[in-house]
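One structure is given here, and the rest of the page talks about it.
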Amino acid sequence: MNCLLDPLDRAHSERSSEPFRFVPCEFRVKWAATNWEREQALALRRAVFCAEQGIFLGDDRDAIDDHAQLIVALSCVGGAPDAVVGTVRIHEESPGCWWGSRLAVHAAFRHHGRIGATLIRLAVSSAHARGCREFLAHVQSQNVGMFERLHWCSLQRETLHGRPHDLMRADLAHYAPCNTPCAGFVTRSGALTA
């Protein structure tokens, strides 16, 4: 079976005439390799950073996108990729120093399958396999706790795009090198947290 019935929806559906909502039970996190993956990743970033958060007007793309590697989280239906539901980008700023940025997960999938954590894991692990000695990111304040649980430490507080951020560094000892980023990782839907 490739989809899970959302138990929260079942209770809701029993009270109303609305149909059940199905949730993919598997997500593949991998380096973006096709045009549709890249296009959906960029559209998701615009939805999160422009429309939802209002950080950028119209588009969040910048010069880093010209050389960054996009990573995508794909919802899978019947074992086949269906849609991009999460993304992050990585790039090597100088030899051995890598950065992650533009981490975004579709609002409807933020409590499914540890998508954000798995995106972070592949970002750091794939950079680690390519000689990364330091992996950094500017993390929005509301996400610092999640990064700390994933073995990141805060180096300093900053304001970027008018919002509080922490400059954070990953503890590479907790991220085994991943030499197969095009295959990536699979995570499964877990219990919903509301």
Side-chain angles (χ1 to χ4, degrees), residues 27-75 81-107 109-110 115-144 146-147 150 152 154-170 172 175 177-185:
F27 302 92
R28 176 163 299 279
V29 176
K30 64 183 222 43
W31 278 18
T34 65
N35 285 335
W36 79 266
E37 290 170 345
R38 287 185 209 56
E39 289 167 8
Q40 283 198 13
L42 295 173
L44 176 60
R45 283 176 28 185
R46 282 189 301 276
V48 171
F49 297 117
C50 301
E52 180 184 331
Q53 295 182 0
I55 295 174
F56 302 101
L57 293 175
D59 199 356
D60 72 310
R61 292 196 59 165
D62 61 20
I64 292 170
D65 285 305
D66 295 337
H67 61 277
Q69 174 61 55
L70 277 175
I71 298 173
V72 292
L74 304 169
S75 63
D82 180 54
V84 173
V85 298
T87 188
V88 69
R89 69 181 183 184
I90 61 173
H91 74 282
E92 187 174 24
E93 184 178 73
S94 59
C97 182
W98 286 71
W99 284 80
S101 55
R102 300 295 201 270
L103 175 66
V105 176
H106 189 287
F109 293 91
R110 290 185 184 146
I115 294 169
T118 307
L119 283 160
I120 294 165
R121 180 176 158 222
L122 185 59
V124 179
S125 294
S126 59
H128 197 182
R130 280 147 189 78
C132 175
R133 292 185 305 276
E134 182 175 51
F135 195 99
L136 303 166
H138 289 109
V139 177
Q140 290 185 31
S141 294
Q142 70 268 19
N143 297 322
V144 167
M146 176 182 72
F147 277 76
L150 296 171
W152 288 62
S154 180
L155 303 175
Q156 67 186 37
R157 295 229 154 87
E158 301 178 339
T159 300
L160 295 173
H161 309 292
R163 308 236 172 162
H165 286 70
D166 278 32
L167 173 61
M168 299 189 78
R169 179 175 48 222
L172 293 178
Y175 293 88
C178 174
N179 291 303
T180 56
C182 292
F185 302 133

- Query: Which pair of non-hydrogen atoms, one from L172 and one from C132, has the smallest distance, and what is that distance?
  - Reply: CD1-O, 3.5 Å
- Query: Nearest heavy-atom pair of L44 and A104: which atoms, and what distance?
  - Reply: CD2-O, 3.8 Å
- Atom pair NE2/CG of H165 and L160 - distance to nearest 0.5 Å: 5.0 Å
- Message: Nearest 0.5 Å, please: how far is CG in L70 from CG in L42?
- Response: 5.5 Å
- R121 (side chain) donor-acceptor with Y175 (main chain) under 3.5 angstrom: no
- Message: Would R130 and I90 count as a side-chain contact (heavy atoms from CB on, under 4.5 Å) here? Give the steps.
- Response: CA-CA 12 Å; R130 280 147 189 78; I90 61 173; over 6 Å; no
- Which of these, T118, L74, V85, D82, sits in a side chain to side chain contact (heavy atoms under 4.5 Å, CB included) with F27? V85
- Query: Who pairs with S141 by side-chain hydrogen bond (donor to acceptor under 3.5 Å, both in side chains), at least two apart in sequence or on another chain?
  - Reply: none
- Query: Hey, does the side chain of E92 reach the backbone of G96 with a donor-acceptor pair shorter than 3.5 angstrom?
  - Reply: yes
- Task: Would you please name every residue forming a side-chain hydrogen bond (donor to acceptor under 3.5 Å, both in side chains) with R133, sequence neighbours left out?
- Result: none
- Task: Search all heavy atoms of A129 against all heavy atoms of C178 and return the closest pair with its distance.
- Result: CB-O, 3.2 Å
- Going from CZ on R28 to CZ on F185, what distance comes out if it is rounded to the nearest 0.5 angstrom? 10.5 Å
- Note on the structure: Sequence neighbours excluded, the answer for ring-ring contact (aromatic ring centres under 6.0 Å, His included) partners of H128 is none
- For A117, all residues meeting side-chain contact (heavy atoms from CB on, under 4.5 Å), sequence neighbours excluded: R114, L150
- Item | side-chain contact (heavy atoms from CB on, under 4.5 Å) involving T34 - partner list, sequence neighbours excluded | W36, E37
- Closest non-hydrogen contact found for A32 with V72 is CB-CG1, 4.0 Å
- Item | Heavy atoms of other groups near R163 CZ, more than 12 under 6.0 Å | yes
- Task: Look only at the side chain of S154 and the backbone of M168, and say whether a donor-acceptor pair between them is shorter than 3.5 Å.
- Result: no
- Message: Among residues at least two apart in sequence or on other chains, which ones pass salt bridge (charged side-chain N to carboxylate O under 4.0 Å, His left out) with R169?
- Response: E134
- Message: List the residues meeting ring-ring contact (aromatic ring centres under 6.0 Å, His included) with F147, not counting sequence neighbours, and say none if there are none.
- Response: W152
- Item | Test salt bridge (charged side-chain N to carboxylate O under 4.0 Å, His left out) applied to D60 - qualifying residues, sequence neighbours left out | R45, R102
- Which distance, rounded to the nearest 0.5 Å, do you find between the OG of S126 and the CH2 of W98? 7.0 Å
- Pairwise side-chain contact, V29 with I71, heavy-atom cut-off 4.5 Å (strictly under): yes
- Considering residues at least two apart in sequence or located in another chain, which fulfil the salt bridge (charged side-chain N to carboxylate O under 4.0 Å, His left out) criterion with R89? D62, D65
- Task: Apply salt bridge (charged side-chain N to carboxylate O under 4.0 Å, His left out) to R38 and list each qualifying residue two or more places apart in sequence or on a separate chain.
- Result: none
- Heavy-atom closest pair, residues L119 and T87: CD1-N, 3.5 Å
- H138: side-chain hydrogen bond (donor to acceptor under 3.5 Å, both in side chains) partners, not counting sequence neighbours: E158
- With E93, which residues qualify under side-chain hydrogen bond (donor to acceptor under 3.5 Å, both in side chains), at least two apart? W99
- Contact summary for I55 and Q53, nearest pair of heavy atoms: CD1-OE1, 3.0 Å
